[in-house]
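Please read the structure below before turning to the comments.
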Amino acid sequence: MSTATDSTDHLLEGLNPSQREAVTLPDGPALVIAGAGSGKTRVLTSRIGYLLGEGRARPHEVLAITFTNRAAGEMRERVDQLVGASRGMWVMTFHAACGRILRREADRLGYRSNFTIYDQADQVRVVKACLEELGRDPKRFPPRGIHSRISSEKNRLVSATQFRENIGNFFEQVVADVFELYERRLHASNAMDFDDLLVRSVDLLESFDDVRERWQGAFNHLLVDEYQDTNHAQYRIVRLLSDAHRNVFVVGDVDQAIYTWRGADIRNILDFERDFPDARVVRLEQNYRSSQRILDAANAVIENNAGRIEKRLWSDLGMGEPIRVIEAEDEHDEARIVAARIGGLLEGGSSASDIAVFYRTNAQSRVLEDLLVRHGVPYQVIGGPRFYERAEIKDAMAYLSVLDNPSDEIALRRIINQPRRGIGDASVDRLSATAGFSGRSLWTALEDPEGAGLATAAARSVRAFRAMMDDLRDRAVELPVGDLMELLLERNGVIELLEAERTIEASGRIENLQELVGVAREYVARSEEPSLAGFLQEVSLTADADALAAADESGGGRVTLMTLHNAKGLEFDAVFVIGMEQNLFPHARSIEEANIEEERRLCYVAITRARRELVLVYARQRTLFGARGFNAPSQFIAEIPENLIEHERRPAAFGSTTRGGSSSGWQPSSAGATTQLQGIAPRDDAPTLSVGDNVMHDQLGEGVVTGTADGGQVIVRFRSDGSERRLLLAYAPLKRI
DNA sequence: GGTAGCACCAAAAGC
DNA sequence: TGGTGCTACC
């Protein structure tokens, strides 16, 4: 019998022997090799519960690291369900944990604890500004490229100075110059980028013995999920924080490492046993998700990779259905096949939410969406524009950033003339230059606009802006952040302006802003110590507020479309992978860069998402970037043993319009309503319409006239889809209602 | 200061 | 093909 006491018995119920072994391991380093669908989250949460139940750790002594906020939230929830004790426990991402540590120790590094966190767009903007200052042509040196180089150097803990010592060509020379300037600018703005959160934490822990000891003592158990996704900086943090107690419990799967292109270093997991020679290693190979046939396919494919830890998934769910491989004529045929098969599954009683379609590149979703709409299949696309990247949200957040940290020049520049208040680029440049001369911040320069040589009108606007911000800063002291947000939106006049616009887009923006106020209120209600800075920190580390939440809540009853990368961690009864072609998947770029192994891992991830049914589709020809091309079927198809596959080949297409029953009644809608009406005789009973009239269109439904134009044109916004169309009065089937 | 037109480019995306 | 970012204009 194990040493489990009554309080921990229930944590081990239903675990298989390997899972149980992992959960109950003694203190010391541990590596859990967790295959897809092997219950790793369960092992992690049970392990935490077990440590608490055994009295080996108190909640605040546990640091559990995940890679996404979502995963952190789920883990916290499951720990709560298990032992109801996640309060005070650090269950969060690397970035959030580092941010928290850095806020407390900021002064050691010459930062103020209210430092701002720049997101990707901010970072690129700074790079661009640096290039301009250095007089480098952004065409020859694209800011995004320079930025990504700087970021990858930082993730490898290479400083600007170290980088300069090893430059080999002119491009790197420019990168080195920008790198140095970029770091100085961020520091001057009391700002950190995402990489800084990790890099500065390493600096902090390495440079200050007392700080290191304090944080090493703060936790006595460190757990890391998705360890194969750690980059070098994160690896150093794990080492630094676990050095004293060495209770480091990492879970991962090399075969699911699909993020090396963004800095993840699989050597971290491959070398774990070298780093910790006394590490206990547990393999979780029993899969609770898929049929054996699906696992056989996954195993066979991944065995072609060299750099891996030997592992073979098995399941007791039976052999299941054969894997279907289908040849399509082109991407339209492919979409038709998938839509029809999905239709069949739905008729057979499957739930749409149990079905997913994966593709390598986002652009592939479009054709399929068309077909699903025609077939009346409800679907959702994961990915796309994110809540916190929308302009109005970023503007509102920039206001908050300036209120909290007026040194944040990027944020200040963003809002100083937003909404328009007559402070143009020229004025801002003057203010900034004046500030630069006297070594002050742009914010300080706003106190004396005349001193910077601004004209009276501009100076007045600057004073008014500064007065408004000062006032808001005063209010920020007592006002909860939700109320503060509401107040500033009222004061800066954004809502009023949007309301005046009276367009669909504007009311969408208002809704977004209201949602943001709601998010802030919700933050205040939920936090132990709500603050403006805390809210900013949380938001800047959250990128996906709506996309994934929406997937959970409104996702019921919808087929899910997403990229292969987004599929990690999810599972569906039926999985379709489209675009199974050489050059598309594996992607041409990966082939060029000899990165086939990572693409193969992506394929492994895709296959192992399926519970019962897996359909792989390739097209003989496809239009890419406007050009038609032929590709061979993906090499990964050939890597699946033939006896697991059932091939289906459609008879050669005769002409696409006559195929597919449910799409037959559909009429293609051409781009503009005016062209659609070509060849129809003009009518003479056309109504006279003016702006504001409500109208009815035979095909497009109800709408409102928003303008008129020469040649008898009328501009109508339709209620059904919010689209605005230019119609010819003489032809359009319109009547006033 | 706003936008129409045009040239250019094109993988994936967490924090 | 379609989205984006810059220039040239109003």
Side-chain angles (χ1 to χ4, degrees), chain A residues 65-72 92-99 117-125 128 137-139 142-145 148 151 154-155 192-199 201 225-226 228-231 233-234 237 257-264 331 358-367 382-386 388-389 417-427 537-545 547-548 562-569 579 583-593 595 598-599 601-603 605-606 622-629 671:
Chain A
I65 302 279
T66 61
F67 270 80
T68 64
N69 291 299
R70 188 167 178 240
M92 55 185 85
T93 63
F94 270 107
H95 291 83
C98 288
I117 299 167
Y118 281 180
D119 69 11
Q120 168 107 356
D122 296 331
Q123 296 163 30
V124 173
R125 220 167 293 139
K128 215 173 153 198
D137 178 10
K139 289 235 163 59
R144 283 194 57 87
S148 96
S151 174
K154 287 175 82 163
N155 279 322
M192 298 207 193
D193 63 19
F194 290 137
D195 307 323
D196 281 327
L197 294 175
L198 309 173
V199 174
S201 293
D225 193 11
E226 307 276 16
Q228 77 283 352
D229 286 339
T230 48
N231 64 31
Q234 289 160 336
I237 290 165
I258 56 175
Y259 287 115
T260 62
W261 53 273
R262 83 183 179 205
E331 69 270 26
F358 304 150
Y359 35 81
R360 180 65 235 268
T361 68
N362 284 119
Q364 288 169 259
S365 73
R366 188 175 254 110
V367 183
I382 304 294
R386 287 151 197 275
Y388 290 112
E389 282 167 16
N417 202 31
Q418 178 64 49
R420 302 241 141 67
R421 50 172 74 88
I423 310 176
D425 286 347
S427 300
Q537 152 110 359
E538 181 169 293
V539 168
S540 51
L541 295 180
T542 312
D544 54 355
L548 295 170
M562 64 177 127
T563 62
L564 293 157
H565 284 89
N566 267 317
K568 194 169 158 190
N583 292 327
L584 193 55
F585 184 38
H587 197 275
R589 288 273 279 272
S590 301
I591 298 173
E592 282 163 31
E593 293 161 14
N595 270 341
E598 177 131 330
E599 296 283 304
R601 291 192 290 263
L602 205 44
C603 186
V605 168
R622 162 182 314 271
T623 308
L624 260 180
F625 306 144
R628 201 132 195 86

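Naming: A, B, ... by sequence-line order, numbering from 1 per chain. Note that the coordinates shown come from a computational prediction; the quantities given were computed from them, not determined experimentally. Worth knowing before you read on, the calculation uses all heavy atoms, side chains too, and leaves out hydrogens, waters and symmetry mates.
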*asked:* With a 4.0 Å cut-off on N to O distance, would you call A:Arg589 and A:Glu592 a salt bridge?
replied: no
_Any donor-acceptor pair, under 3.5 Å, between the side chain of A:Arg262 and the base of B:dA13, if you only look at N and O atoms?_
no
*Roughly, in whole Å, what's the span from OH in A:Tyr388 to P in B:dG14?*
15 Å
*Taking atom C1' in both B:dA12 and C:dG5, compute the distance separating them and give it to the nearest angstrom.*
23 Å
*Go through the N and O atoms of the side chain of A:Arg589 and the base of B:dA12, and report whether any donor-acceptor pair is under 3.5 Å.*
no
_Side-chain touch A:Asp119/A:Tyr388, heavy atoms, less than 4.5 angstrom_ = no
*Verify, without hydrogens or angle tests, whether A:Asn583 (side chain) and A:His587 (backbone) share a donor-acceptor contact under 3.5 angstrom.*
no
*Side chains of A:Asp196 and A:Tyr118 in contact at under 4.5 Å (non-hydrogen atoms)*: no
Got a list of protein N/O to nucleotides 1-8 of chain C N/O distances below 3.5 Å?
residue, atom, partner, partner atom, Å
C:dG3, OP1, A:Arg366, NH2, 2.8
C:dC6, OP1, A:Lys128, NZ, 3.2

*Is A:Trp261 stacked on the base of B:dA12, meaning ring centres closer than 5.5 Å and planes within 30 degrees of each other?*
yes
*asked:* So A:Asn595, base contact, sugar-phosphate only, or nothing? Heavy-atom distance under 4.0 Å.
replied: nothing
_Whole-Å distance separating the CG atom of A:Asn566 from the C1' atom of B:dA11_ = 13 Å
*Is a donor-acceptor contact shorter than 3.5 angstrom present between the side chain of A:Thr563 and the base of B:dA13?*
no
*N or O in side chain of A:Asn362 less than 4.0 angstrom from B:dA11 OP1/OP2*: no
*Would you kindly give the CG-to-C1' distance between A:Asn583 and B:dA11, to the nearest whole Å?*
13 Å
*Output all residues satisfying side chain to side chain donor-acceptor pair (under 3.5 Å) with A:Gln120, sequence neighbours left out; order by chain, then residue number.*
none
*Contact class for A:Phe194 vs. all strands (heavy atom < 4.0 Å): base, sugar-phosphate, or nothing?*
base
*Donor-acceptor pair, side chain of A:Asp229 and main chain of A:Ala257, under 3.5 angstrom*: no
*Separation of atom CG in A:Leu198 from atom C1' in B:dC15, rounded to whole Å*: 8 Å
*Phosphate contact (B:dG14 OP1 or OP2) by A:Asn69 side-chain N/O below 4.0 Å*: no
*Any A:Asn69 side-chain heavy atom under 4.5 Å of A:Glu538 side chain*: no
*C:dT4 versus B:dA13 - spacing of their P atoms, nearest Å*: 15 Å
_What's A:Glu593 touching, base or sugar-phosphate or nothing? Going by heavy atoms closer than 4.0 Å._
base
*asked:* Measuring from the side chain of A:Tyr259 (C-beta onward, heavy atoms only), which nucleotide among B:dG1, B:dA11, B:dA13 has the closest atom?
replied: B:dA13
_Between A:Glu331 and A:Thr623 (side chain of the first, backbone of the second, donor and acceptor by atom type, cut-off under 3.5 Å), is there such a pair?_
yes
*With a 4.0 Å cut-off on heavy atoms, is A:Glu331 in touch with a base, just the backbone sugar-phosphate, or nothing at all?*
nothing
*asked:* Distance check needed: B:dG14 P versus A:Met562 CE, whole Å only.
replied: 12 Å
*Looking across every strand, which nucleic acid part, if any, lies under 4.0 Å from A:Gly99 by heavy atom: base, sugar-phosphate, or nothing?*
nothing
*asked:* Does the structure show A:His587 stacking with B:dA11, if we require the centres to be closer than 5.5 Å and the planes to be within less than 30 degrees of parallel?
replied: yes
